[in-house]
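So the structure is just underneath, and the comments pick up after that.
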There are 2 protein chains.
Amino acid sequence: MSEPIRLLIADDHPVVRAGLRAVLATEPGLEVVAEAPTAEEAVALAAEHRVDVVLMDLQFGGGMSGSEATAAITSRPGAPRVLVVTTYDTDADTLAAVEAGATGYLLKDAPPEELAAAVRAAAEGRTTLAPAVANRLMDRVRTPAAALSRRETEVLELVAEGLSNLQISRRLHLSQATVKSHLVHVYTKLGVDSRTAAVAAATARGILRRR
Amino acid sequence: MSEPIRLLIADDHPVVRAGLRAVLATEPGLEVVAEAPTAEEAVALAAEHRVDVVLMDLQFGGGMSGSEATAAITSRPGAPRVLVVTTYDTDADTLAAVEAGATGYLLKDAPPEELAAAVRAAAEGRTTLAPAVANRLMDRVRTPAAALSRRETEVLELVAEGLSNLQISRRLHLSQATVKSHLVHVYTKLGVDSRTAAVAAATARGILRRR
DNA sequence: GCAGCGGTCAACCTTTTGATCGATGGCCGC
DNA sequence: GCGGCCATCGATCAAAAGGTTGACCGCTGC
């Protein structure tokens, strides 16, 4: 028998860590060598231990995000593969994780066999994506982007908080004309024609974080 | 030694079920007698088995919600206690679960000891609330309510999807005047004066489900 | 050096939304 | 049966938001 695949579990929920450990313990050829309750610890432990695959959550209570940790881990030479295992998938998170160098992306409702299969695939550098995530990525590739500029996003966030154009202009030290100008660009980029529709569309696409 | 506390775990995530089972297995006096991957099965299993405490998730993939299952379980005579164990707490969910008769409400990031303590408390009928949930309930009691009527909520949901008054009136087979009328009532109840602010306020208070 | 883009602003006009007043009918509870 | 709440609709007016055009500046890249 060959070397076992060495795993690091990074999740802030003790219950989830125990669950992943329990599920993967029944699989032959897999070995959990460490657990990290924060993203920072995940980065440190991935460096200390010899690890083949990191199971990474995206949401941590505070501090570094899972995406940031993924980027930090994969940027090193001889780095382990990172398999993102998260509960809910917002579009922004998905994209960020993939850009950060994640090898796979699963949702926590995946059955154990699928999880184990994804771990083995990740160890070999092959990618496994949850169907919902795959569809999302396809949509993203198809839809040329609709990337909002920094300022446009900033304005849209304030719109989502319920501020009027006048309030936004004061908050950002702009004229109302500028606020409108940004919003018009946002509308055309998102293919909508009202502030509420823009917020809905941006939330659906994960451009705005759902609070 | 007295009788062990008999548990039913209801969660649609295999990983979480395994985690709860693993965490609680180390605790003396607790025994997991069944697992349910859906709310419907949870109701059925709670009736079949002799169960003291049900660990209930709120979000299931589809079909019956955790709150509905909680109501169904607790409505029977000699029913087990229901301890809600969920990932994220939206205000609407919290309230619904408490109204449905949940004995306790924990978040999944709770440490194992806290979880075990809550289970024992629930078995005796004592209530355990996660701090965040407790605060929320206090706020709710303090704020006289701002309960929206069924129709008002319906209109507000469509606003949140980005529809204009005209579109809403068509969707609900109403006149624009009626839509406006509902919205004015919503605004006064929420203490705001625009549709986007209403959506933001309602989302913050958990009246609208964050999608 | 110039084209392109992001960010800023102005003026003007149309549409939508919100504010106010009023009115009708149904249903529930005391 | 009457007051209160919900749901429905109409009309009117003022304010906010959206659409269009055009302009200027600063930065980046070819």
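By convention in this document, chain letters (A, B, ...) are assigned in the order of the sequence lines, proteins followed by strands, and residues within each chain are numbered from 1.
In terms of phosphate contacts, Thr178(B) brings a side-chain nitrogen or oxygen within less than 4.0 Å of OP1 or OP2 of dC9(D). Put simply, His182(A) has a side-chain N or O that comes within less than 4.0 Å of OP1 or OP2 on dT8(C). An OP1 or OP2 oxygen of dA16(D) is reached within less than 4.0 angstrom by no side-chain nitrogen or oxygen of Asn165(A).
Residues passing the side chain to side chain contact (heavy atoms under 4.5 Å, CB included) test with Ala71(B) are Ala100(B), sequence neighbours excluded.
Within the structure, side chain to side chain donor-acceptor pair (under 3.5 Å) contacts touching residues 119-130 of chain A (residues at least two apart or in different chains) are Glu27(A)-Arg120(A), Glu124(A)-Arg126(A). Sorted by first and then second residue, the side chain to side chain donor-acceptor pair (under 3.5 Å) pairs involving residues 170-181 of chain B (not counting sequence neighbours) are Ser175(B)-Thr178(B). Counting only residues at least two apart or in different chains, salt bridge (Lys or Arg N to Asp or Glu O under 4.0 Å) contacts with residues 44-62 of chain A comprise Asp57(A)-Lys108(A).
For the pair Ser181(A) and Thr196(A), both in contact range of DNA chain D, the more 5′-proximal nearest nucleotide belongs to Thr196(A).
Comparing dG18(D), dT16(C), dG7(C) against the side chain of Arg151(A) picks out dG7(C) as the nearest.
Contact check of residues 169-177 of chain B against DNA chain C (heavy atom, cut-off under 4.0 Å) returns no residues at all.
The backbone N or O of Leu183(A) lies less than 3.5 Å from no partner atom in the side chain of Glu152(A), so there is not a single donor-acceptor pair. Not one N or O on the side chain of Glu41(A) forms a donor-acceptor pair closer than 3.5 Å with the backbone of Thr38(A).
Axis orientation changes by 50° from one end of the helix from dG1(C)-dC30(D) to dC30(C)-dG1(D) to the other, with each end axis drawn from 5 pairs and the value rounded to 10°.
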